[in-house]
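Numbering of residues begins at 1 and proceeds along the displayed sequence. Quick note: numbers below take in every heavy atom, side chains included, and nothing from hydrogens, waters or symmetry partners.
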Amino acid sequence: MAKLEISLDQIDLQIIRIMQDNARTNNADIARELGMAPSAILERVKKIRTEGSDSSI
């Protein structure tokens, strides 16, 4: 089986933690908590899901 390489930074890990704590948290609330734009959070969530690391979200 091929090893999956995923590159996540601290912000990605914070997003994952927030979503694990409450999967119903929307992008705007995550953005507010992290001091980022909602559109930036949306792009990061899409990247996380595309890379397959959201199996625990």
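- Between the OG atom of S7 and the NZ atom of K47 there is a distance of 5.5 Å, given to the nearest 0.5 Å.
- Side-chain contact between I18 and L34 is present, with heavy atoms from C-beta onward closer than 4.5 Å.
- Residues M19 and I30 meet the side-chain proximity criterion, which asks for heavy atoms closer than 4.5 Å.
- The residue from L8, I48, D9, T25 that alone fulfils the side-chain contact (heavy atoms from CB on, under 4.5 Å) condition with I15 is I48.
- Residues passing the side chain to side chain contact (heavy atoms under 4.5 Å, CB included) test with L42 are N27, K46, sequence neighbours excluded.
- Distance check, rounded to the nearest 0.5 Å: CZ of R24 to CG of D29 gives 13.5 Å.
- Of all heavy-atom pairs between A31 and A37, the closest is CB-C, 3.8 Å.
- The salt bridge (charged side-chain N to carboxylate O under 4.0 Å, His left out) test applied to R17 returns D21, E33, not counting sequence neighbours.
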